[in-house]
2 protein chains.
Amino acid sequence: MADNQLTQLFLAGRVRHGLRAAELDTLDRAVSEVRSLVHGEEVVRRGQRMETSTYLVSGFMIRSVTDSEGGRQILGLHIPGDFVDLHAFPLKRLDHDVSAVGDVRIAQVSHRALRAIIEQHPHLTRILWYSTLLDAAMHREWIFRLGRLDALGRVCHFLCETEMRLRFVEMSDGVTFPMPLSQREIAEVCGITSVHMSRTMAALRQLDLVAFDGGAVTILNYQGLADLGEFDGDYLYGRHGGLFDDDYEDRM
Amino acid sequence: MADNQLTQLFLAGRVRHGLRAAELDTLDRAVSEVRSLVHGEEVVRRGQRMETSTYLVSGFMIRSVTDSEGGRQILGLHIPGDFVDLHAFPLKRLDHDVSAVGDVRIAQVSHRALRAIIEQHPHLTRILWYSTLLDAAMHREWIFRLGRLDALGRVCHFLCETEMRLRFVEMSDGVTFPMPLSQREIAEVCGITSVHMSRTMAALRQLDLVAFDGGAVTILNYQGLADLGEFDGDYLYGRHGGLFDDDYEDRM
DNA sequence: CGGCTTGTTGACCTAATTCAACCACGGTGG
DNA sequence: CCACCGTGGTTGAATTAGGTCAACAAGCCG
């Protein structure tokens with residue numbers, strides 16, 4: 001297994017149910033057509049029929065929908081190593097848009113290649129399925145965040161989640177990590193206005209919980225942040241720590 | 001195919017990607033151990049290791065999580081024909097609870113049987129995968145509902161969604177349908193307090209949009225309800241109508 | 001230089017929460 | 001039979017979180 005293969009970050013840091021090198025190679029061979037996107041470019045538009053899915057090699061992407069007055073709700077943030085729209089393989093059309101945040105490199109996988117995989121590689125199939133259910137688990141946590149937390153808690157929760165996910169792919173050292181979203185976009189994640197997000201982030205600074213410098217976040221008090229956000233990262237199914245750290249590997 | 005098989009409602013009313021009778025039979029044979037639950041009984045508890053998944057034969061169930069002060073957020077409502085925790089097959093542990101609302105009949109499917117299916121029936125596998133992604137699509141819509149709509153809109157959206165899903169399984173005639181949740185529980189769906197839900201439902205009555213009688217809802221003005229809730233049911237992937245009604249069947 | 005976007009701050013307003021009292025009801029036990 | 005209680009729903013008054021509108025400052029880019 002070459003270290004420089006495209007899918008090397010796929011499920012990095014996660015419980016991988018014994019994903020084998022040969023399977024990663026199979027996946028890697030299915031991936032083709034690497035291309036670059038600039039900020040705001042879409043790879044999926046709501047309702048459009050899909051014949052390929054997209055793997056995010058580097059950079060960030062978001063899923064979003066737009067309401068009747070043009071307001072946008074961000075439904076998910078994708079980071080390198082994510083299959084951003086593998087959902088489109090079983091669903092064929094998606095109900096939301098997927099677009100680039102900043103500069104992005106993606107790879108495409110044809111649904112024909114995925115069909116071949118599910119016919120010949122049941123174990124790899126289950127792992128791909130699993131990866132789409134990680135998205136669903138994050139969706140549920142976003143429902144919790146919006147339903148039960150106030151503005152301050154929502155931001156704390158989002159920062160904790162993002163930090164942990166970036167740690168899995170070694171883009172966070174546990175303290176400082178990149179934050180590609182503007183305040184306006186973080187507001188669209190958290191279901192509040194950008195004005196109130198500005199005030200909320202000021203409060204976070206005031207409380208010495210985090211520091212924001214341009215495109216990076218530095219966590220000054222992890223426990224305080226996790227407490228305010230009622231964050232428990234078990235739902236991210238990290239390979240180490242939490243409820244899920246036991247007999248996962250090499251089963252099934 | 002006997003009409004009385006347990007899984008007859010599975011994906012009823014949905015785009016089924018050419019689900020064949022033989023495949024439904026295969027699924028039906030994998031299902032066993034029908035049992036009854038009373039109100040509040042749990043089939044999944046957060047973090048618990050699962051070796052079976054649950055198919056809902058009759059009645060209603062909810063997914064939920066509880067916050068640090070004991071407040072509950074409902075993450076999803078399940079209706080007859082839903083595989084309530086098929087997610088647990090790839091994930092092995094879930095991050096939330098699943099419990100009965102009122103009297104319920106369920107059937108269990110062992111993960112061993114599901115493993116056999118994904119090894120021998122790739123097409124059926126994709127359909128099971130698809131069914132879990134319908135849940136994810138609903139999750140996304142719940143994020144939108146909580147992030148972008150006010151209390152009135154959230155209730156309207158939830159009622160429209162529930163009505164459409166029940167129509168798929170012929171439990172709604174398009175006007176009147178059962179609503180198993182109390183006002184308190186609908187409040188836990190919509191992320192508001194039960195006091196405010198009482199006021200919001202009073203407003204809905206005032207506007208002549210819906211009538212509530214005990215465990216049933218009657219829609220008096222569907223368009224008004226859908227407008228307030230900004231509801232567009234495409235994400236439910238109904239077999240008829242909407243963006244998704246074209247060349248779905250019998251492909252793949 | 002001007003014009004754009006992002007973030008900040010202030011004053012005011014509104015939606016929703018909180019706390020409380022209260023009613024209707026369907027048991028359950030005396 | 002009635003007294004009792006717990007649950008679900010309703011209503012009112014006071015409070016608060018967040019939204020709205022507007023002005024302005026700091027980049028940043030053509």
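The shown structure was predicted, so the numbers you read here are calculated from the model rather than taken from an experiment. Each chain gets a letter, A, B and so on, in the order its sequence line appears, and its residues count up from 1.
- Relative orientation of the B/H157 and B/Y235 rings is parallel, given thresholds of 30° and 60° on the angle between their planes.
- The interatomic distance linking B/I186 (CD1) with D/dG8 (P) rounds to 12 Å, in whole Å.
- Across all strands shown, B/R199 has heavy atoms under 4.0 Å from base atoms, whether or not it also approaches the sugar-phosphate.
- We find that CG of A/L204 is positioned 12 Å from P of C/dT8, with the value rounded to whole Å.
- Although no hydrogens or angles enter the test, the distance criterion places no donor-acceptor pair under 3.5 Å between the side chain of A/R63 and the main chain of A/V98.
- Atom CZ in B/R184 sits roughly 14 Å away from atom C1' in D/dG6 (whole-Å rounding).
- Whole-Å rounding puts the A/D213 CG to C/dT6 P distance at 19 Å.
- Environment of CD in A/E42: crowded, with over 12 heavy atoms of neighbouring residues, nucleotides or ligands closer than 6.0 Å.
- Residue A/Q183 places none of its side-chain N or O atoms closer than 4.0 Å to OP1 or OP2 of C/dT5.
- In this model, the phosphate group of D/dG19 is approached by a side-chain N or O of A/T193 to a distance below 4.0 Å at OP1 or OP2.
- Listed nucleotides C/dA15, D/dG18, D/dT10 differ in distance to B/R205; the shortest reach to its side chain belongs to D/dT10.
- Side-chain N/O atoms of B/S198 include none lying less than 4.0 angstrom from OP1 or OP2 on D/dG9.
- Within a 6.0 Å sphere centred on CZ of A/R167, other residues, nucleotides and ligands contribute more than 12 heavy atoms.
- In this structure, the nucleotide among D/dT20, D/dG18, C/dT17 sitting nearest to the side chain of A/I192 is D/dG18.
- If you take CG of B/D150 and C1' of D/dA17, they are 15 Å apart, rounded to a whole angstrom.
- Side-chain proximity of A/S182 to the nucleotides C/dA20, C/dT6, D/dT20 is greatest for C/dT6.
- A straight line from CG of A/L146 to P of D/dA17 spans 18 Å, rounded to a whole angstrom.
- Projected onto DNA chain D by closest heavy-atom contact, B/L181 and A/H196 fall at different nucleotides, the more 5' of which corresponds to B/L181.
- Computed from coordinates, the B/M197 CE to D/dT11 P distance equals 15 Å when rounded to whole Å.
- Here CG of B/L134 is found 11.0 Å from NE2 of B/H139. Values are rounded to the nearest 0.5 Å.
- In this entry the distance linking CD of A/E188 with P of D/dG18 reads 18 Å, nearest Å.
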